[in-house]
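Here the structure comes first, spelled out in C-alpha cells, and everything after it is commentary.
Letters A, B, ... are given to chains in the order of the sequence lines, protein chains preceding strands, and every chain is numbered from 1. Both backbone and side-chain heavy atoms feed into the values below; hydrogens, waters and symmetry mates do not.
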There are 2 protein chains.
Amino acid sequence: MMTKYNTVKQAIKSKILDGSYLPNEKISSESELMKEFGVSRHTVRLAIGDMVTEGWLYREQGSGTFCADRTEIDQTISNNSKDIAIITTYISDYIFPSIIRGAEEILSKNGYNVSLFSTNNNHETEKNVLEKILSQNFDGVIVEPTKSAISNPNINYYLNLESQNIPYIMINADYDALEPLSITMDDEKGGFIQTEHLISLGHKNIIGFFKTDDIQGKKRMKGYLKAHRTNQVPINPNNLVSYSTHEKASKTVDELKKLLAKSNGDKPTAIACYNDELAIELLDVLREKNLNVPGDISLVGYDDSFLAKVSEVKLTTVEHPKSVIGQTAAKVILDLIKEKSGNQKKSLDQVKSVVFEPKLVVRNSSKKLNP
Amino acid sequence: MMTKYNTVKQAIKSKILDGSYLPNEKISSESELMKEFGVSRHTVRLAIGDMVTEGWLYREQGSGTFCADRTEIDQTISNNSKDIAIITTYISDYIFPSIIRGAEEILSKNGYNVSLFSTNNNHETEKNVLEKILSQNFDGVIVEPTKSAISNPNINYYLNLESQNIPYIMINADYDALEPLSITMDDEKGGFIQTEHLISLGHKNIIGFFKTDDIQGKKRMKGYLKAHRTNQVPINPNNLVSYSTHEKASKTVDELKKLLAKSNGDKPTAIACYNDELAIELLDVLREKNLNVPGDISLVGYDDSFLAKVSEVKLTTVEHPKSVIGQTAAKVILDLIKEKSGNQKKSLDQVKSVVFEPKLVVRNSSKKLNP
DNA sequence: ATAAATTTGTGCGTATGTATC
DNA sequence: GGATACATACGCACAAATTTA
C-alpha cells in the first residue's frame, strides 16, 4: 500500500538518485513540498523525517533541508555513541584531577563519554596513546602536551588527527609547530607577578626554581627574569635553578641547601617556585634548617592548589584556573564538533584559543623584608 | 535543552534499563502515556517513533508497543574496541585519583580504554550514569558505590548489568543486597588498630569522628568501639561523632570546638579521624586553639594520603592501598572478562573478592600520654 | 462468530518558538 | 528588523489491525 508520506519519500528519493538533487544542495522547503504534492505539512515532515534518519537528507533550522552526501556515510554510521578522549601527562597528581573533573562535568552533561589516557610525561607512551585514539572513533581530543618545551616526535600523529577531521585542542601548553587551539594561562605574566610581589616587598636576592622541560616552566622563568629587569634588580645567575621532571626530587632540594649555606651577605631572602608542590617540599627543607617562613625567608608558590592551604604556613601563590581550564576546554571542543557537523564557513573563526590571566593570592608565606 | 518528547523518551528508557519493562513486554499504550506525562498524542508518538528507529521499541498495529530485546543486537554490532567504565563518587578529590590511576595503568597496558564517570555521591547521578553505561557496549564496569551505607535505589540497574552479562566489581565498599565481587580493605580492623594505637599510648579519652553514610565509615566506627571494649576502656558517648557527607564542613569543626571547651577532667587527649582530610582540617582548629599536636593532643588519620606528609606535623595514619586497589580491581575485571569469553565452568570460582589488611603508619601526630 | 473496544497508523489544521539570512 | 525555514506541541478525525466481551 502506498501512503501519502511514502509517495513523497519515493519522489524525493528519485530526485536524489537521478541527480536532480545534488549532494549538499538545498531541496524544496516544506511549504513548497506541501503545494507540490498537495499534502499537509505534517505529511511532508513525516517523509523528510524518515529520510533524515535513513541518512538521505539533513535539516538545518532556519536554513533548509539538504541532500546528504552519501559517499561519506560509512564514517558516520559506525559511531552512534559520543566519545571524547582526554590525554594528560598524569592522571592522579596535583592539579590534573581538577582539570579532568572540570572537563568531565561539562562533557557528561552534554551526553559525552570521557576516556582517559595518561602519558606519564613520556613521548613513547604518548605515541601509543595517539595510535589508539586514531584507530577508534573519538569525536574530539583534549591534550595536555607531554614535555612541551622539547621538540615533539609525535607531530605526525597530531597531523593525522587533522586529516581524519577529528578536532583537538591543547591545555596548559601547546606544541609550537602545530599552532593548535589551546586553553592556557599567561604563565609569563604569572611568573612576573609572582616575582614582582617579592620585589615589591623589598626582596632583592630571590631564588627562582623552574621546571624547564615544559613550556609553562620556561614562560614562568621568563616572567621571573622580566620582573627583575623591569624593576632594575640585578640578577644573580646562581639564584636561577632550572630542572627537569626526572630531577625534581633531588636537584631542587640539593640546590636549595647549597644556596642556603652561603656567606651572610649573599643569603637569599625569598624563593619563587615553579609550583606549590615544589614550594611545600622546600618548606620542609627550610623547617629542617630552622628557618622561619616568612620571618627569615619568603616563599611564593604557583597554581593555588590544595597544597597551598594545607600546611601551617598558608602559601602565597598564583591562581591557576584548574577546573575552569577543564570546563573551557570541554566547551571549546564541543563547539568544534558542532561546527564540524554544521555549516562550515562562517563560524570557523569564532572558536578561539583562550588565555587566562593570572592573579596573585597573598597568604602568609611572604612578607616585607626586614631591613 | 529538554523538549517534552525527550523527557518522555528518557522516562521510557529508564523503565527499560531498570527492568520495569522486560524484553518483548508491552509498554503503556499511547493514550496511557498521554495521561501519564500530560502531553498530546503527537508528542508521545514522536518519542516512541524515535525510540523505534533507535532500536529500543517495536510497534504492532492494533496490539501495542513493545520493548525490544536488545541482548541480541549487541552481539551483531560486535564492538571491536575494548572499553571499561569506572564509576567513582568523586574524580578529583583526595585518594580517588590514585585509585583511578592504578586501574588505568593496568587496563591501558591490556589495550582497554578507560571511561570515567562520577556520581558526586548522589544516587540520581548514579542512575544517569548507569543508564548511559547500559545503553552502550562496555566490557566491564568498576564501581565505587555511592552512599553505600544507605539502601540503594539503583539496584535494578546493577541487576540489569548482570542480565546483560556485563561483569562489574565494586571497590572500597559494596551494596549489601547485591553481594558483588569487591576489592576493599578491612575497614573495621583499620578503625580498630587506629584506636588501639591511641589506647596503647595511654589515651582513654579519645574522640572519634566518622562519616557514616558509607560502609567504610560505619566499619571504622565499629573498629573504634571494638578497640575500646577489647581493651576495657569505657566509652564516653559524647566522644563519638558521626556525620554525613553534606555535613562534613561544618559539623565536625563545631563538635570539636564544643568538646575542647569542656571542663578539665573530661578533656579529650586524642582524636581518631575518619580520614586524613578531616584530620588536617581539625589540625587547623587545634592550631587556632593553641593546642600542640602531639604535645597536648594526639591525632590519628586514615588513608595515608599525600595530606599526611604535607603539614608540619606528619600524621600517624592507617595505610590505604589506593593505587593497589585500582590495580587489583583492574586485574579482577580483566579476569572476569576473560572468563566470560573463554571456558566458563572451571574458573568461575577462582575469581574472588579481595580484602586488604590495614597497617598502621606511625609518624609524629601521636605520642604517649603525659601522666 | 460477531460486534465492540482498544491500539497503532495516517493525515490535516493550527499555534508558537527559534535559528538563519 | 523582518522574512523565511525548520522545531516543537496540541487537537481532531478516520483507517487498519488486533483483542476482548
Roughly, in whole Å, what's the span from [atom1] in [X] to [atom2] in [N]?
| X | N | atom1 | atom2 | value |
| --- | --- | --- | --- | --- |
| B:Leu46 | C:dG9 | CG | P | 13 Å |
| A:Lys4 | D:dA16 | NZ | P | 14 Å |
| A:Ile27 | D:dA5 | CD1 | C1' | 12 Å |
| B:Arg45 | D:dA7 | CZ | P | 19 Å |
| B:Glu60 | D:dA16 | CD | C1' | 14 Å |
| B:Arg59 | D:dT19 | CZ | P | 17 Å |
| B:Tyr58 | D:dT18 | OH | P | 13 Å |
| A:Leu57 | D:dC6 | CG | C1' | 13 Å |

Margin query: Give me each pair satisfying salt bridge (Lys or Arg N to Asp or Glu O under 4.0 Å) with a member in residues 38-49 of chain A, each pair once, sequence neighbours excluded.
Written below: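 Listed once each, the pairs are A:Glu30-A:Arg41, A:Glu30-A:Arg45.
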Please confirm whether the shortest side-chain N or O distance from [X] to OP1 or OP2 of [N] is below 4.0 Å.
| X | N | answer |
| --- | --- | --- |
| A:Tyr5 | C:dG11 | no |
| B:Thr65 | C:dT8 | yes |
| A:Ser63 | C:dA19 | no |

Note to self: Within the 4.5 Å heavy-atom criterion, are A:Asn172 and A:Asp214 side-chain neighbours or not?
What the structure shows: no
Note to self: For A:Asn110, is the CG atom crowded, meaning more than 12 foreign heavy atoms sit under 6.0 Å from it?
What the structure shows: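 Yes, CG of A:Asn110 has more than 12 neighbouring heavy atoms, counting only those of other groups under 6.0 Å.
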Margin query: Tell me whether A:Lys359 at atom NZ has more than 12 heavy atoms from other residues, nucleotides or ligands lying less than 6.0 Å away.
Written below: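 It does not: A:Lys359 NZ has 12 such atoms or fewer within range.
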Next item on the list: Carefully, step by step, assess B:Ile100 and B:Leu116 under the rule side chain to side chain contact (heavy atoms under 4.5 Å, CB included).
Entry: CA-CA 9 Å; B:Ile100 292 167; B:Leu116 268 199; 4.0 Å; yes
So which protein nitrogen or oxygen atoms get under 3.5 Å of nucleotides 2-6 of chain C's nitrogens or oxygens?
none

Check: For residues B:Thr125 and B:Asn128, is any side-chain donor paired with an opposing acceptor at under 3.5 Å?
Finding: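 There is no such pair between these side chains.
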Check: Distance only, no hydrogens: is a donor on one side chain within 3.5 Å (strictly under) of an acceptor on the other, for B:Asn121 and B:Thr245?
Finding: yes
Next item on the list: Would you check, one step at a time, whether the test side-chain hydrogen bond (donor to acceptor under 3.5 Å, both in side chains) holds for A:Tyr21 with A:Ser28?
Entry: CA-CA 10 Å; A:Tyr21 289 143; A:Ser28 314; 3.2 Å; yes
Margin query: Quick check on contacts: within residues 30-44 of chain B, what sits under 4.0 Å from DNA chain D by heavy-atom distance?
Written below: B:Val39, B:Ser40, B:Arg41, B:His42, B:Thr43
Checklist line | Name of the residue among B:Glu126, B:Lys147, B:Glu144 meeting side chain to side chain donor-acceptor pair (under 3.5 Å) with B:Thr89 | finding: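 Between B:Thr89 and the candidates, side chain to side chain donor-acceptor pair (under 3.5 Å) is satisfied uniquely by B:Glu144.
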Next item on the list: Answer with yes or no whether A:Gln61 presents, from its side chain, a donor or acceptor under 3.5 Å of a partner atom in the base of C:dT20.
Entry: no
